[in-house]
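Written below as structure tokens is the structure these notes are about.
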There are 2 protein chains.
Amino acid sequence: MLETDTITAEDVAAAAGVSRWTVARAFKKDASISRKTRDKVLAVARDLGYVPDLHAAGLAADRSNLVALIFDDFDNPHKLVILERMTRIVQQHGWAAITINSGGPDGATEALQSARQRRVDAAVMIGTEFDDELLSTATEARRLKKLVVFARESLCKGTISIHCDDERAMAEIAEHITACGRRRPLFLAGPETQSAGLRRAELFNASWTSRHGSPSPIVHVGAYASDTAYHRLLEVFGALGGLNAVDVVVCENDIIAIGAMDALRHGLGLHVPQDVGVVGFDDITLAAAPSYALTTYRQPISSMVEALVEILESGETPASVTALEGRLVVRSSL
Amino acid sequence: MLETDTITAEDVAAAAGVSRWTVARAFKKDASISRKTRDKVLAVARDLGYVPDLHAAGLAADRSNLVALIFDDFDNPHKLVILERMTRIVQQHGWAAITINSGGPDGATEALQSARQRRVDAAVMIGTEFDDELLSTATEARRLKKLVVFARESLCKGTISIHCDDERAMAEIAEHITACGRRRPLFLAGPETQSAGLRRAELFNASWTSRHGSPSPIVHVGAYASDTAYHRLLEVFGALGGLNAVDVVVCENDIIAIGAMDALRHGLGLHVPQDVGVVGFDDITLAAAPSYALTTYRQPISSMVEALVEILESGETPASVTALEGRLVVRSSL
DNA sequence: CATGTGCTTGCACGCGCGTGCAAGAAGATT
DNA sequence: AATCTTCTTGCACGCGCGTGCAAGCACATG
């Protein structure tokens, strides 16, 4: 790189024959500056390749225009969808996103501290590992301007939660299964510790029980990973009673659903959906692939990010909970 | 959040009975400070919950400890692998990563400018849309401290390129195919404009021709997307001569390979690898799924990121090219 | 032409910390 | 005990820009 010498507002001011502050005004919307000087300054700035230093601006204004996106894992492609929406929409509104890899639950404190050191306007926690207990004990969390829990309902004090209305979602799934004539669901949930925070198994059973009197069995998978789900299902399917006990597998997310489908088809030689139906959650890209054609529930990620932007732009820090409605995407797995 | 009042080095200094600069020294490795005062300061800092403000530090030292990761798309799960390694390893060395969504090639300039505004120590471009022509015409690129092109060879002046040794990779693939007895490869490449930068088709054919005399046909897919690849292969397979003309499909990446496998199996009713073999590139998680069991080539992402860290830590800005060796992962698709 | 109003512009001060130098403290030397 | 080192510590200045206020200006009014 050749011209690394940073060019400041001072330089532009000198070249345009105005003061440094006038240059700042030219770049500030709704600033009191005459049309003529603004145009002149902007033109000079363009020639010189000047852009305001957001770093210094943040320091002065105590507003970094930075949000931290803290992820607990990067295995689920759904994270990529979230990241895409998040970065794109947030950028459109003038923020930049710093992505922090917490590297597991133990790293949460460190991640939060790192966010604070960068003066982020908000830290967004994305991942089931970040449960309310962890958040309520993390003192770092108290020191952030805003703490948002994304894609999971959080009742933690001082925390802002933006998520899909899972209660409604699970009710819709229960209804769809019922409409398809299935009566023997098996709920395949994630790791017991993490899955609890999502409450999907619980919500599904609440809805299912209200319709059919008795709950569905729940089996936990050791990790949100297809191969783990694959082996887990093989392990329990026969023990539960095989086809006599299960005619549809409801999964906490698509990753598990993919593993379940592979297990049913390749491991047990069954047909989906003829023998056993499968329903997922998230609608990852792969769910639409002809090999899977998974019926799943799509979270309203874009709306959720819009909600985040609103919270970013609002001055106050309301300890709020926003639940948005997604939609069931019916394909051929049920 | 309750205690939003930022606590500065000044506060710690007062509480510890030293000057602000001594506090700074306590946090600086290899600083000239006595063991005793450092321990005292650090203890006070911990009690008060003080951590140095990296924002202000960056402003003062002209070093933000920030790198920008600029992505052109978020559809390929391989990006997630890169992101995970990138954030994790870079964090371990004291940097934080800001993720920028360029939203297509037109957004590259804007993304670069955004990176500059944040005073990043380096901007890393990840994606085939960022070709050398674009980079050489982008004046913003000249103003960054370091510009790194990741996972693609770049010969652009002033640019640092870190990538997998594709020449060797394609030679290994050609050798494997040959060893498996296949003699009629079809190369399924990405969009013509983007694929050119990767040069994989070209490199494969160089190797193939040297072994068997004549090159493999090359078919371009309109997008790096499975369904696009699916339809494209269906479209051209018969026209090329079907099984008489093709006994293995070599794909520019796994996403295309997945689409190709689906097309061969579900679209054409063929068997993989019995009728036609498939080889991919990247080794995404899905490649290991039993439904695909894709033979593919794994790029040495971790080593590549380590190389990036080395470049970050080295003061100079060598316009360098680093090509690292990956490895072929043989599964059952060939 | 004098006065008042509203729009522009300039500026002191501060955001939190790093750098380099000089003053001070502690230990070593004769 | 006096002096010299070496280690510690304090400080002026600056990084690039935002905020709030006051001075400057143009124009309209009487």
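Excluded from the calculations below are hydrogen atoms, water molecules and symmetry mates; all remaining heavy atoms, backbone and side chain alike, are included. Within every chain, numbering begins at 1; the chains are lettered A, B, ... in the order of the sequence lines, protein sequences first and strands thereafter. Every value quoted in this text rests on a predicted model; they were computed, and no experiment measured them.
The base of dG18(D) is paired with the side chain of Arg20(A) by a donor and an acceptor separated by under 3.5 Å. Between the side chain of Trp21(A) and the base of dT8(C) there is no donor-acceptor pair of N/O atoms closer than 3.5 Å. Counting atom types as modelled, Arg63(A) pairs no side-chain N or O with a base atom of dG18(D) as donor and acceptor under 3.5 Å. With hydrogens and angles left out, the side chain of Arg119(A) and the base of dG16(C) share no donor-acceptor pair within 3.5 Å.
Rounding to whole angstrom units, CD1 of residue Ile33(B) and C1' of dT19(C) are separated by 16 Å. In this structure, Arg38(A) atom CZ and dC7(C) atom C1' are separated by 14 Å, rounded to whole Å. Taking atom CG of residue Asp62(B) and atom P of nucleotide dC17(C), one finds them 18 Å apart after rounding to whole Å. The nearest whole Å value for the distance from the CZ atom in Arg118(B) to the P atom in dC17(D) is 14 Å. Rounded to whole Å, the distance from NZ on Lys40(B) to P on dT8(D) is 14 Å. One interatomic measurement links the two molecules: CD1 of Ile7(B) to C1' of dG16(C), which rounds to 13 Å at whole-angstrom precision. In this structure, the CZ atom of Arg25(A) is 14 Å from the P atom of dC21(D), given to the nearest Å. In this structure, CG of Asp39(B) is placed 15 Å from C1' of dT8(D), rounded to the nearest angstrom.
Ranking dG16(C), dG10(D), dG18(C) by closeness to the Thr6(B) side chain, first place goes to dG16(C).
Between Thr8(B) and dC15(C) there is no side-chain polar atom (N or O) within less than 4.0 angstrom of OP1 or OP2. A sub-4.0 Å separation between OP1 or OP2 of dT8(D) and a side-chain N or O of Thr22(B) is absent.
Salt bridge annotation for Arg152(B)-Asp131(B): absent, with no cationic side-chain nitrogen under 4.0 angstrom from a carboxylate oxygen.
Note on Leu59(B): a base of the nucleic acid sits closer than 4.0 angstrom, heavy atoms only. Using a 4.0 Å heavy-atom cutoff across all strands shown, Asp53(A) reaches sugar-phosphate atoms only and no base atom. Residue contacts for Arg35(A): at a heavy-atom cut-off of 4.0 Å it reaches no nucleic acid atom on any strand shown. If you check every strand for non-hydrogen atoms under 4.0 Å, Phe27(B) touches nothing.
Between Ala56(B) and Lys28(B), the residue anchored closer to the 5' end of DNA chain C is Ala56(B), taking for each the nucleotide with the nearest heavy atom.
Counting only heavy atoms from C-beta outward, the side chains of Val51(A) and Phe27(A) never approach each other to under 4.5 Å. In this structure the side chain of Ile7(B) reaches within 4.5 angstrom of the side chain of Arg143(A), judged on heavy atoms.
Nearest approach of Met304(A) to His163(A), heavy atoms of both residues: CE-CA, 3.8 Å.
For the pair Thr137(A) (side chain) and Glu133(A) (backbone), a donor-acceptor distance under 3.5 Å is present.
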